[in-house]
4 protein chains.
Amino acid sequence: MSVADRREREREQRRNQILDAAKHIFAKKGLSLATMNDVATHAQLGKGTLYLYFKNKEELLMGVVVGLQSSMLARFDEVLGGDQNGCEQLRALLRAYAEHMNEPPHAFKLAVSRWLTGEPFDGELENSAAMQSNIARLFTTVCGAIERGQADGSLRPDLPSTDAALKLWTAVNGTLLFRLQRQCLPPDSPLSSFSGKASEAIDFILEAMKPRLATGAKT
Amino acid sequence: MSVADRREREREQRRNQILDAAKHIFAKKGLSLATMNDVATHAQLGKGTLYLYFKNKEELLMGVVVGLQSSMLARFDEVLGGDQNGCEQLRALLRAYAEHMNEPPHAFKLAVSRWLTGEPFDGELENSAAMQSNIARLFTTVCGAIERGQADGSLRPDLPSTDAALKLWTAVNGTLLFRLQRQCLPPDSPLSSFSGKASEAIDFILEAMKPRLATGAKT
Amino acid sequence: MSVADRREREREQRRNQILDAAKHIFAKKGLSLATMNDVATHAQLGKGTLYLYFKNKEELLMGVVVGLQSSMLARFDEVLGGDQNGCEQLRALLRAYAEHMNEPPHAFKLAVSRWLTGEPFDGELENSAAMQSNIARLFTTVCGAIERGQADGSLRPDLPSTDAALKLWTAVNGTLLFRLQRQCLPPDSPLSSFSGKASEAIDFILEAMKPRLATGAKT
Amino acid sequence: MSVADRREREREQRRNQILDAAKHIFAKKGLSLATMNDVATHAQLGKGTLYLYFKNKEELLMGVVVGLQSSMLARFDEVLGGDQNGCEQLRALLRAYAEHMNEPPHAFKLAVSRWLTGEPFDGELENSAAMQSNIARLFTTVCGAIERGQADGSLRPDLPSTDAALKLWTAVNGTLLFRLQRQCLPPDSPLSSFSGKASEAIDFILEAMKPRLATGAKT
DNA sequence: AATGAATGAGCCTTCATTCAT
DNA sequence: GATGAATGAAGGCTCATTCAT
């Protein structure tokens, strides 16, 4: 199978080459300002080649998003394999999420861009379906960590895990969004002085989710 | 001056007519998929008419955003005029923000759309400058409420007001963003079952910002 | 008739007001870059008012051209009324032509602009017909001066007057055209150093049209 | 390298195909009335294709002009390679100029069109720079012929060569301009009866530039 | 009579996508 | 498989002209 194997490997390489270029370009110029030509040029490939690997621009975007999710899920698995308590695992998961989404080039942009049209994802696209199931999996993983934390006492047990997960998830996204917003403001805006670090938001909320010391064990 | 007055009034009406149509279309199709023609058609006006009121598409967008901010600021003033304590004012402000941003057609989209390109706002556009100063004013108002709350004891005094404001602000935005995301997911996604109500996120975080009962004040 | 008279006079004033503005704007921005709005604004009139006096942009242009021709013809009449010999009259006529065509704002542009489309002038327009007959009259006047010069011995008699007139006419136009060309060249172009004065060209050609002294055929 | 070669050749062909169409259309309708769509249709190409070869309308015009200049310069070189005296070379150069500028479709129009706006040429366009240097070269060549004529006795030595060149140049342009003007006049205009041949104007002026027979040298 | 708001045809230009090589 | 020339739909914007006031 060596020939077929090589073929397969080369095809995979090309695909990744394109995805990397797309990630870079989409994130840099924004989804609708990025052109297929930009991507092809940056990937050092012909424009037509892109269409051998992706049906259209939308599917290419989905491919990028799925790629990001995959590496994120891989990192999630690492975290889950560790021996931290639930709270710490949760913190680590969220940080991994924030990092993957926000590392330049800002992957977060890609995801958000797509949400803005309000059109449901095209279920016919392979990557689109993969992307949706990945979202569910990411969310479920976070919920799992919360439940673990509640079981091992590192997190308040009174919050439904999905509610808690959602709060954390949205808080992180809000922080990431702020960083995009900040870029559009002039340097002298009062909002420009904030770091908007996701880790701070995570820590703050996690703090609120820790069990209240049975205060007032009070005599 | 009835003639000049009527002219002025009519002009204002047209402008609002266009802004309403633009708000609707921009929010429905997303900033870059919305065309000036769409807006004109929805406003039941000729394409050229839009350009009598707005220099270009960008300024039209800014006009919409400024309009939203203005009504939000008006609501803010109402809140500030009330006699609630700082914490309650803060909650009311944030709810007003969430409501204004999220009422269909989703105004939030507009703001976010513009952030995605990463281009700084064109300072030459009148509305653009107005928009930036409004952002600052909105943020400052929230900070003010926090400080009031810290002064009257309804909020923990140990958080810098700007940090706290930023946390609340980003949390609300994250929630709003989630609602956009949810629309792109199929109805059977696990995330679709969440309400994603901004008020819940606000309440949760405010709770974390309330003064800890002077635990152990007890002797 | 004082009322009707005043009406008539005012109407004439308005018309001239518009023509002046049009002359200025057309010459400054070029025919196709000049907008009706530009003209109206410069005339301190409403845009619609222009259409009360001129059927459309084309007729307005024709009106301007006819106006220029009229003042040129008036000047021609002055020259013809003088007591110069034919050659001197001819020189004076050509100079008057060059000056009228080239005085800033460059009227010459207007005439040339219109020639470029290659479309015959719209015979239905009143001004268009007037313009054409004026051209003929201008040309005829020049021919007349040549014939006078040939009769009074100040010009060579061997050139058909129409041929001679055409040569002078085109030479002057060529000079005027050169001045337009020069404006488009960078200051360091070798052509930029020339004055391109029409009077020099006129003098040179007139010199060639003077009778050759029966040079020393005589002993 | 037959493949690369063929590509190159085809590209050149397409470019010329477009230039031909553009020359035709620009000359027929005038610069500002001609649309890119007109050009594309006449070239039997898609509209977008034009932009693969020319950055924009302006550069396309420049391309046409440069093409005309190039063939004119080639003809100039032929003339200069001959063994005529200076006066005859000069006559041949001017005739070549007139022919190239005036052959239908009238190239002259193109050049003139551009001069009318009074905007300096966009130095950033490649073809624009080429065009300017070609103008200088054309002019210099004419000057050179004059100087040769003055040296070999076929032309009067008392005229500065640049002055003489300018007079000839403008006279030819004036003639060409007249032909454009004539097209706009009705067939019954008195001016319509003239041939307006450039060669006649050239001959006339050259005659005036020939040395005066050493009149009366004769005893 | 004068106005200027409204119109929409039409322009230049871009870019996702196709297809012959 | 890889390419990039070609395409044409579509977009933002302008402006001559009309018409209700």
Side-chain angles (χ1 to χ4, degrees), chain A residues 7 10-11 14 18 32-41 43-60, chain B residues 3 6-7 10-11 13-15 18 32-41 43-60, chain C residues 7 10-11 14 18 32-41 43-60, chain D residues 3 6-7 10-11 13-15 18 32-41 43-60:
Chain A
R7 282 274 168 79
E10 284 178 359
R11 185 170 170 86
R14 275 268 190 278
I18 294 171
S32 53
L33 266 58
T35 74
M36 292 301 266
N37 207 9
D38 288 335
V39 175
T41 301
Q44 289 176 295
L45 288 171
K47 210 182 334 181
T49 310
L50 268 52
Y51 287 86
L52 297 177
Y53 293 84
F54 299 92
K55 187 180 166 190
N56 53 29
K57 199 181 176 185
E58 170 85 3
E59 171 112 26
L60 177 54
Chain B
V3 170
R6 184 163 42 75
R7 279 276 167 82
E10 282 178 0
R11 185 170 171 83
Q13 280 178 5
R14 271 273 187 274
R15 208 186 121 95
I18 294 171
S32 53
L33 266 57
T35 74
M36 291 301 268
N37 213 0
D38 289 335
V39 175
T41 302
Q44 287 177 295
L45 289 171
K47 203 183 347 179
T49 308
L50 304 192
Y51 289 88
L52 296 178
Y53 294 84
F54 299 92
K55 187 180 167 190
N56 54 31
K57 197 182 175 183
E58 171 84 1
E59 173 110 26
L60 176 54
Chain C
R7 281 274 168 79
E10 282 179 0
R11 185 170 170 84
R14 274 272 191 275
I18 293 171
S32 53
L33 266 58
T35 72
M36 293 299 268
N37 206 9
D38 288 336
V39 175
T41 301
Q44 289 176 294
L45 288 172
K47 208 181 336 180
T49 309
L50 268 53
Y51 287 86
L52 296 178
Y53 292 85
F54 299 91
K55 188 180 164 189
N56 54 29
K57 198 181 175 183
E58 171 84 1
E59 172 111 27
L60 177 54
Chain D
V3 170
R6 183 164 41 76
R7 279 276 168 81
E10 283 178 359
R11 185 171 171 83
Q13 281 178 4
R14 269 273 187 276
R15 207 186 122 94
I18 294 171
S32 53
L33 266 57
T35 73
M36 292 301 267
N37 212 2
D38 288 334
V39 176
T41 302
Q44 288 177 294
L45 289 172
K47 205 180 344 177
T49 309
L50 303 192
Y51 289 87
L52 296 179
Y53 294 85
F54 299 93
K55 188 180 164 190
N56 54 30
K57 197 183 177 183
E58 172 85 1
E59 173 110 27
L60 177 53

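Here is how names work: the chains are called A, B, and so on, in the same order as the sequence lines, proteins then strands, and each is numbered from 1.
- Rounded to a whole Å, the CZ atom of R7(A) is 8 Å from the C1' atom of dG1(F).
- Computed from coordinates, the R14(C) CZ to dA1(E) C1' distance equals 9 Å when rounded to whole Å.
- Protein atom CZ of F54(B) is 15 Å distant from nucleotide atom P of dT14(F), rounded to whole Å.
- Side chain of K47(D) to main chain of V39(D): no donor-acceptor pair is present (N/O by atom type, distance under 3.5 Å, no hydrogens or angles).
- Rounded to whole angstrom, the span from the CD atom of Q13(D) across to the P atom of dA5(F) amounts to 15 Å.
- Checked by atom type and distance alone, the side chain of K57(C) pairs as donor or acceptor with a backbone atom of A34(C) at under 3.5 Å.
- Annotation: side-chain hydrogen bond (donor to acceptor under 3.5 Å, both in side chains) contacts of T49(C) (sequence neighbours excluded): none.
- Rounding to the nearest 0.5 angstrom, the gap separating the CZ atom in R11(A) from the CZ atom in R14(A) is 10.5 Å.
- Atom-to-atom, CD of E10(D) to C1' of dA6(F) comes out at 12 Å; the value is rounded to the nearest Å.
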Any chance you could list the contact pattern along nucleotides 12-17 of chain E? Use B for base contacts, S for sugar-phosphate-only contacts and - for none, protein heavy atoms under 4.0 Å, 5' to 3'. SBBSSB
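- With rounding to the nearest 0.5 angstrom, the OH atom of Y53(A) is 13.0 Å from the CG atom of L60(A).
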Could you write out DNA chain F as dot-bracket? Rules: Watson-Crick or G-U wobble, both distances under 3.5 Å, brackets [ ] for crossings, | for pairs with another strand, dot for unpaired. .||||||||||||||||||||
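- With sequence neighbours excluded, no residue satisfies salt bridge (Lys or Arg N to Asp or Glu O under 4.0 Å) with E59(D).
- Of all non-hydrogen atoms in A43(A) and I18(A), the two that sit nearest each other are CB-CA, 4.3 Å.
- Both R11(C) and Y53(B) lie close to DNA chain E; mapped to their nearest nucleotides by heavy-atom distance, the more 5′-ward contact belongs to R11(C).
- Atom CZ of R15(D) is separated from atom C1' of dA6(F) by 18 Å (rounded to the nearest Å).
- If you measure from atom CG of L50(B) to atom P of dC15(F), you get 17 Å, rounded to the nearest angstrom.
- For T35(C), the side-chain hydrogen bond (donor to acceptor under 3.5 Å, both in side chains) partners two or more places apart in sequence, or in a different chain, are D38(C).
- Summarising the geometry, the separation between CG on L45(A) and P on dG1(F) is reported as 14 Å, rounded to the nearest angstrom.
- Applying the side chain to side chain contact (heavy atoms under 4.5 Å, CB included) test to L33(A) and every residue at least two apart in sequence or in another chain returns K29(A).
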